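This structure is a prediction, so every number in the text was calculated from the model and none was measured.
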Amino acid sequence: MSRRTFSDRSASSPVSLAAVAHRAGVSIATVSRIVNGQLDRASKATVARVHKVVREMGYVPNSVGRALQRRANRIVAMLSPNLDNPAMAAIAASTEAALREAGYVMVLADTHDRADLQDFYLRAMRAQFVQGYVLVSAVKSTELSAFVARGEPVLFVNRRNPTGKTGAFVGIDNRAAGAEVARFFLSHHIERPAVVHSALSSSAIADRVEGFVGELARAGVPRSQIRRASAPGLAHLEIGYAAARALVARYGWPKGLLCVSDLMAYGVHRFAMEGGISVPEQCMIVGIDDNPLNRWLAPWLNSVHIPYEDFGAAIVRQLKTIWSGRTPPDELLPHRLIARDARRGGIGPIYPPRALGVSFQ
């Protein structure tokens with residue numbers, strides 16, 4: 001009888017560490033260390049080769065052993081970018097409190113919106129056998145793609161799965177938020193508002209812009225005439241400032257302006273002050289987030305309120321569903337537009353609805 005090779009295995013048989021090691025040409029111990037995130041004892045070439053074989057063969061770590069260890073430590077990892085952003089900090093605080101109440105411990109890491117740091121922390125947390133991964137505003141990366149392919153317990157928050165695959169999600173309906181801002185401007189007889197934003201690689205940013213542009217188009221504004229500007233970078237304050245400068249240089253100041261985050265709105269406001277533009281008298285600005293500091297420091301800023309204080313409970317619900325072996329539907333939390341009266345510095349009523357019959361010359 002001829003000796004059976006690894007390639008002769010039944011397709012229904014689970015792939016073993018030994019099979020991966022055989023194809024990669026390394027020891028079983030080396031494969032075990034690499035798939036568990038311990039990369040300091042192997043060369044980059046070896047790590048890349050093992051990861052490639054793992055993906056090709058569809059290797060999945062022993063689910064029973066990993067599940068037992070995960071249940072034992074009750075640790076959940078949260079990876080979030082730019083924790084100096086009040087929105088990211090609010091999500092982290094809400095989630096930590098909800099996980100603690102449910103009997104879990106949260107470990108928090110700042111990815112700074114960098115794919116390499118995100119991959120580093122994913123590998124490091126996997127080596128600690130954490131029970132789940134909460135990825136806030138994730139970016140596309142090699143390790144994340146591998147996590148999704150293996151079926152790791154990953155929950156996406158604020159931005160949807162950037163790998164193009166489906167994935168459990170907690171956030172708001174960003175398209176609806178953008179559309180609501182467009183209706184707000186139209187209700188105030190601002191018929192040609194503009195929008196500034198960062199790169200559209202983020203699903204949240206892309207959806208907010210498309211919701212805004214799409215609603216204006218439905219009201220009769222030609223898409224080609226909707227003024228918009230963007231700027232590169234990661235810091236939203238700087239992006240807002242630079243995008244406003246680009247917008248004004250090309251089109252002049254609009255009467256109404258959507259900034260896809262409150263931090264961008266702060267950058268825009270700084271540019272307006274430097275140019276002697278009065279907000280909101282000459283340009284009404286709407287942000288998205290509704291930073292709690294707005295009440296104290298930015299009474300000129302209207303903003304879409306995102307209930308970050310409720311994200312934690314939703315995240316725990318989603319994780320429990322994932323741990324039960326089911327795929328939860330998206331959990332979209334309600335948002336609402338807060339209109340502020342700059343003359344009084346207080347919070348005014350939500351904008352009044354009216355028919356959106358708009359004509360353009």
Side-chain angles (χ1 to χ4, degrees), residues 20 24 31 33-40 42-61 66 70 75-85 87-88 91-92 95 106-171 174 197-207 232-236 239 261 315 318-319 322 327 330:
V20 174
V31 174
R33 285 193 296 269
I34 290 173
V35 298
N36 286 304
Q38 300 173 23
L39 310 180
D40 55 337
S43 68
K44 290 184 177 179
T46 298
V47 171
R49 186 166 71 253
V50 169
H51 281 156
K52 182 173 184 291
V53 172
V54 165
R55 289 193 297 272
E56 290 175 347
M57 300 185 71
Y59 170 73
V60 179
R66 286 183 62 83
R70 281 176 173 156
I75 295 175
V76 172
M78 172 178 278
L79 276 58
S80 177
N82 309 319
L83 288 170
D84 56 348
N85 183 329
M88 301 297 102
I91 294 173
T95 305
M106 187 181 88
V107 176
L108 177 63
D110 192 333
T111 66
H112 299 279
D113 243 342
R114 287 171 43 188
D116 60 331
L117 278 180
Q118 180 175 281
D119 280 354
F120 170 79
Y121 284 122
L122 282 172
R123 289 190 293 265
M125 293 301 104
R126 191 166 185 266
Q128 301 303 315
F129 299 104
V130 300
Q131 187 164 352
Y133 306 85
V134 179
L135 271 67
V136 183
S137 298
V139 296
K140 190 173 182 179
S141 68
T142 301
E143 196 64 35
L144 178 58
S145 295
F147 265 58
V148 172
R150 287 196 301 264
E152 297 280 357
V154 176
L155 173 63
F156 296 95
V157 177
N158 202 49
R159 293 179 193 163
R160 296 183 182 276
N161 183 352
T163 69
K165 306 290 186 180
T166 58
F169 174 76
V170 170
N174 285 292
H197 56 84
S198 57
L200 298 180
S201 55
S202 157
S203 66
I205 301 299
D207 284 349
L234 298 176
H236 279 203
I239 291 172
S261 75
I315 286 168
Q318 292 281 80
L319 286 173
I322 293 170
T327 300
D330 294 348

Provide the closest heavy-atom pair for A42 versus I34 in the form atom of the first, atom of the second, distance. CB-CD1, 4.1 Å

Check step by step if side chain to side chain contact (heavy atoms under 4.5 Å, CB included) holds for I91 and V134. CA-CA 11 Å; I91 294 173; V134 179; over 6 Å; no

Taking the side chain as everything from C-beta on, heavy atoms only, tell me whether V154 gets closer than 4.5 Å to V148. no

Donor-acceptor under 3.5 Å (N158 side chain, G171 main chain): no

Kindly indicate whether a cation-pi arrangement holds for R150 with F147, taking the cut-offs as under 6.0 Å to the six-membered ring centre and within 45° of the axis. yes

Which heavy atom in V157 sits nearest to a heavy atom in F169, and how many Å separate them? C-CE1, 4.4 Å

Does some side-chain heavy atom of I75 sit less than 4.5 Å from a side-chain heavy atom of Q128? no

Tightest non-hydrogen contact, residues R160 and S203, listed as N-OG, 2.9 Å

Does any non-hydrogen side-chain atom of T111 lie less than 4.5 Å from one of V139? no

At what distance, to the nearest 0.5 angstrom, does CE of M125 lie from CG of L79? 7.5 Å

I want to check something: taking the side chain as every heavy atom from C-beta on, are F156 and T163 in contact at a cut-off of under 4.5 Å? no

Compare every heavy atom of D330 with every heavy atom of G167, then report the nearest pair and how far apart it is. O-OD1, 4.1 Å

Does some side-chain heavy atom of L108 sit less than 4.5 Å from a side-chain heavy atom of L83? yes

Report yes if the side chains of M88 and D110 come closer than 4.5 Å at any heavy-atom pair, otherwise no. no

Going from CZ on R159 to CG on D207, what distance comes out if it is rounded to the nearest 0.5 angstrom? 12.0 Å

What are the two closest non-hydrogen atoms of P232 and I239, and how far apart are they? O-CG1, 3.6 Å

Side-chain donor/acceptor of D113 to backbone N/O of P81, under 3.5 Å: no

I'd like to check T142 versus R55 (side-chain heavy atoms, cut-off strictly below 4.5 Å). Are they in contact? yes

For A24 and R49, which heavy atoms make the closest approach, and how far apart are they? O-NE, 2.8 Å

So NE2 of H197 and NE2 of H236: to nearest 0.5 Å the spacing works out to 11.5 Å

If we only count heavy atoms from C-beta on, is the L144 to K140 side-chain gap below 4.5 Å? no

Mind checking side-chain hydrogen bond (donor to acceptor under 3.5 Å, both in side chains) for N82 and listing every partner two or more places apart, or none if nothing turns up? none

